[in-house]
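One structure below.
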Amino acid sequence: MDVLAVLNLGDIAQAFSKMGMFPVFDLAYYIVSILYLKYEPGSVEVSRRSPVASWLCAMLYCFGSYILADIMLGSSPVDYFQHNSHILLASAVWYLLFYCPLNLFYKCVSFLPIKLVLVALKEVVRTRKIAAGVHHAHHAYHHGFFIMVIVGYVKGSGVALMSNFEQLLRGVWRPETNEILNMSFPTKASLYGAILFTMQEAHWLPVSKSTLILIFTLFMATSKVVMTARHSHGSPFALIESWICHLLFGSPLAGGEEDHHHPPPAGAPSSPLKTKEDLSEGARKRKVKKAE
């Protein structure tokens with residue numbers, strides 16, 4: 001406690017939890033989200049062929065978690081679209097990433113040092129969304145701890161959970177890429193974070209919400225920055241999950257460690273579960289053969 005008092009961790013956490021997310025942090029969130037959309041197979045072609053479909057996909061990437069959480073809590077799925085400033089900011093990012101002359105904006109934000117900063121800022125928003133989702137569910141269902149976990153989980157990873165629906169808007173249907181079947185690190189971390197914030201909301205964790213937000217944000221930002229810098233497909237949870245799966249279910253954890261926003265390293269062994277990159281590469285090769 002003396003160390004915490006010297007560091008003024010409580011005051012730092014309190015000030016950090018009260019920081020406004022708009023526009024700097026939200027802007028970083030929109031940039032990284034739509035940047036990942038541009039990485040998806042066929043997204044550039046869709047932006048040329050159907051700008052409306054491309055814009056809707058971008059809005060799902062930016063606000064899909066809010067839409068899904070509103071549906072689960074009985075609110076209108078278009079409720080978040082009343083925030084005109086957020087919609088306009090996300091739309092401006094979408095336009096610049098897909099239609100900026102010479103692709104200058106894309107080249108700038110995808111430059112690794114800048115991208116690492118944006119990724120870290122995005123994780124600040126993700127943590128706030130998880131905490132807010134648990135808090136809102138707590139007000140609606142005071143003793144519904146499972147509902148709090150689910151809503152917090154959806155708020156943190158709703159975009160990934162709605163990926164199959166977003167694929168339909170792009171004219172793609174790959175059910176094997178379902179995020180539940182092949183969970184990425186952010187999706188798993190959102191689930192674990194939702195559990196922690198639910199425990200804190202129920203007063204089962206001897207820590208304040210502001211301190212938990214600060215600690216979890218530091219963990220998420222550090223993990224994602226390191227993974228992005230190293231183009232890693234692993235997860236900090238892999239060892240613990242493998243041990244728990246072996247203990248409870250009799251088999252080690254298989255798959256689910258890929259981050260579909262980064263290509264697999266050269267020479268890496270193939271996985272029995274095909275990733276989005278594997279499927280898109282196979283489709284590209286088939287097109288080349290047909291052309292020949």
Is the terminal nitrogen or CZ of Arg128 (NZ for Lys, CZ for Arg) located under 6.0 angstrom from the six-membered ring centre of Phe16 and within 45° of that ring's axis?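 Yes, a cation-pi geometry.
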
Within 45° of the axis and under 6.0 Å from the centre of the six-membered ring of Phe98, does NZ or CZ of Lys38 qualify?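 Checked: cation-pi criterion met.
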
So, do Phe219 and Phe237 have ring centers that fall under 6.0 Å from each other? yes

Can we call the ring centroids of Tyr30 and Phe63 under 6.0 Å apart?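 Yes, close enough.
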
side-chain contact (heavy atoms from CB on, under 4.5 Å) between Tyr36 and Val159, intermediate numbers included: CA-CA 11 Å; Tyr36 287 163; Val159 177; over 6 Å; no

Show, in sequence, the C-alpha distance, side-chain angles and deciding distance for Val151 and His136, and conclude whether the side-chain contact (heavy atoms from CB on, under 4.5 Å) test is met. CA-CA 8 Å; Val151 175; His136 292 160; 5.6 Å; no

Which heavy atom in [X] sits nearest to a heavy atom in [Y], and how many Å separate them?
| X | Y | result |
| --- | --- | --- |
| Ser17 | Ile213 | CB-CD1, 4.4 Å |
| Cys108 | Ile114 | O-CD1, 3.4 Å |
| Ile130 | Gly193 | CG2-C, 3.9 Å |
| Ala229 | Leu116 | N-CD2, 3.8 Å |
| Phe216 | Ala189 | CZ-O, 3.3 Å |
| Cys62 | Tyr29 | O-CE2, 3.5 Å |

For the side chain of [X] and the backbone of [Y], is there at least one donor-acceptor N/O pair under 3.5 Å apart?
| X | Y | value |
| --- | --- | --- |
| Glu40 | Leu37 | no |
| Ser54 | Ser50 | no |
| Thr217 | Thr127 | no |

Would [X] and [Y] show up in the same hydrophobic cluster when neighbours are defined by side-chain heavy atoms closer than 4.5 Å?
| X | Y | value |
| --- | --- | --- |
| Val207 | Leu218 | yes |
| Leu96 | Val46 | no |
| Val172 | Tyr39 | no |
| Val226 | Val117 | no |
| Phe111 | Met227 | yes |

With rounding to the nearest 0.5 angstrom, report the [atom1] to [atom2] distance, [X] to [Y].
| X | Y | atom1 | atom2 | value |
| --- | --- | --- | --- | --- |
| Ser163 | Leu60 | OG | CG | 10.5 Å |
| Arg170 | Ser47 | CZ | OG | 11.0 Å |
| Phe81 | Ile67 | CZ | CD1 | 4.5 Å |
| Leu118 | Leu27 | CG | CG | 7.5 Å |
| Tyr66 | Lys155 | OH | NZ | 6.5 Å |
| Tyr61 | Glu166 | OH | CD | 4.5 Å |

Heavy atoms from other residues, nucleotides or ligands near [atom1] of [X] exceed 12 (cutoff 6.0 Å):
| X | atom1 | answer |
| --- | --- | --- |
| Trp173 | CH2 | yes |
| Phe165 | CZ | no |
| Ile240 | CD1 | no |
| Leu239 | CG | no |
| Tyr95 | OH | no |

Could you walk me through whether Asp26 and Val125 satisfy the side-chain contact (heavy atoms from CB on, under 4.5 Å) test, starting with their C-alpha distance in whole Å, then the side-chain angles of each, then the deciding distance to 0.1 Å, before giving a yes or no? CA-CA 7 Å; Asp26 285 326; Val125 179; 4.0 Å; yes

Is the closest basic N to carboxylate O distance between Lys209 and Glu201 below 4.0 Å?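 Counted as a salt bridge, because a side-chain N and a carboxylate O are separated by less than 4.0 Å.
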
Taking only Lys NZ, Arg NE, NH1 and NH2, and the carboxylate oxygens of Asp or Glu, determine whether Arg48 and Glu45 approach each other closer than 4.0 Å.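 No, Arg48 and Glu45 are not salt-bridged.
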
Holding to side-chain hydrogen bond (donor to acceptor under 3.5 Å, both in side chains), I want the full list of residues that pass it with Tyr153, two or more places apart in sequence or in another chain. none

Please state whether the rings of Phe145 and His143 are parallel, tilted or perpendicular, taking 30° and 60° as the class boundaries. perpendicular

Side-chain touch [X]/[Y], heavy atoms, less than 4.5 angstrom:
| X | Y | result |
| --- | --- | --- |
| Gln167 | Thr177 | yes |
| Val124 | Met19 | no |
| Lys224 | Phe185 | yes |
| Arg174 | Pro41 | yes |

Are side-chain N/O atoms of Glu179 and Thr187 paired as donor and acceptor at under 3.5 Å? yes

Run the side-chain contact (heavy atoms from CB on, under 4.5 Å) check on Tyr141 and Leu73 step by step: do they pass? CA-CA 10 Å; Tyr141 302 92; Leu73 292 175; 4.1 Å; yes

Consider side chain to side chain donor-acceptor pair (under 3.5 Å). Of Ser65, Ser157, Ser190, which one does Lys129 pass it with? Ser65

